[in-house]
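The figures here come from the full heavy-atom set of this structure, side chains too, leaving out hydrogens, waters and symmetry mates.
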Amino acid sequence: MDSADDARDGSRADASAGPGLQALAVELRRMSGEINRLVHSFAHTQGLHATDVQALGAILDADEPLTPGRLRDHLGLSSGAVTACLDRLERAGHIRRSRDSADRRVVHLHYEPTARAAARSFFMPLAEAASGARRASDAQELAAALRFLARMNEELARMQPPGR
């Protein structure tokens with residue numbers, strides 16, 4: 001096996017390139033698992049599904065109000081599954097739907113302020129953990145981590161899961 005093969009499978013780290021792919025994958029899986037544990041716990045306490053919490057995150061993070069269609073594309077769900085998810089979220093008081101004033105056929109999704117407060121209090125330990133990790137890192141480390149995570153998310157957004 002040559003060094004190109006090592007780089008592809010992540011079995012060895014090139015000292016000049018930083019940690020190997022395997023080490024990054026392990027840490028990303030660990031972080032994902034811990035965040036998923038919190039998401040599932042929040043969903044359970046709110047009487048929601050984990051997918052509903054993903055939808056809430058997408059609605060919260062959107063630069064402008066999402067439509068059900070854009071949310072469907074983001075989550076990779078069917079129209080019926082998104083409708084059921086939005087119905088649950090609306091019944092639970094997490095979101096509200098509003099019609100666009102210019103085109104009444106368009107529905108916008110809004111995160112309710114009371115739901116935002118409930119999520120904020122539940123996820124405070126995650127924010128505190130991030131704050132602790134941030135305090136333990138210098139500005140260059142944080143900038144590099146942010147660039148890496150942004151690039152990783154861009155790559156993941158372009159990726160299509162097998163079978164789709």
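- The two residues D100 and A102 come nearest to each other via the heavy atoms OD2-N, 2.8 Å.
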Original post:
So D87 and T83, side-chain contact (heavy atoms from CB on, under 4.5 Å) or not? Walk me through it.
Top reply: CA-CA 6 Å; D87 289 346; T83 298; 3.9 Å; yes

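- Residues A43 and A50 share a closest heavy-atom pair of CB-N, 4.0 Å.
- In this model, no donor atom of one side chain and acceptor atom of the other lie less than 3.5 Å apart for H108 and T67.
- Proximity of F123 to L126: side-chain heavy atoms (C-beta onward) are separated by under 4.5 Å at one or more points.
- With a 4.5 Å cut-off on side-chain heavy atoms, L71 and L86 count as touching.
- Under the 3.5 Å distance criterion, the side-chain polar atoms of S131 are left unmatched by any main-chain donor or acceptor of A127.
- Here the side chain of E141 pairs a donor or acceptor atom with the backbone of D138 at under 3.5 angstrom.
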Original post:
Does the side-chain contact (heavy atoms from CB on, under 4.5 Å) test come out yes or no for R99 and R104, once each step is laid out?
Top reply: CA-CA 5 Å; R99 298 267 177 201; R104 303 288 296 158; 3.0 Å; yes

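- The two residues V107 and P68 make their nearest non-hydrogen contact at O-CD, 3.3 Å.
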**OP:** Please test H110 against I95 for side-chain contact (heavy atoms from CB on, under 4.5 Å), starting from the C-alpha separation and ending with a verdict.
**Re:** CA-CA 5 Å; H110 306 274; I95 66 159; over 6 Å; no

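- Between R96 and E90 there is no salt bridge, since no side-chain N of the basic residue sits under 4.0 Å from a carboxylate O of the acidic one.
- Not one N or O on the side chain of D52 forms a donor-acceptor pair closer than 3.5 Å with the backbone of L48.
- Here the shortest heavy-atom pairing between M152 and L28 reads CE-CD1, 4.0 Å.
- Using a 4.5 Å cut-off on side-chain heavy atoms (C-beta onward), H44 and H40 make no contact.
- Using a cut-off of 4.0 Å between Lys/Arg side-chain N and Asp/Glu carboxylate O, R70 and E64 are scored as salt-bridged.
- Counting only distance, with no hydrogens or angles, the side chain of S41 and the backbone of R37 share no donor-acceptor pair below 3.5 Å.
- F42 and L56 make their closest contact through CE2-CD1, 4.3 Å (heavy atoms, listed as atom of the first residue, atom of the second, distance).
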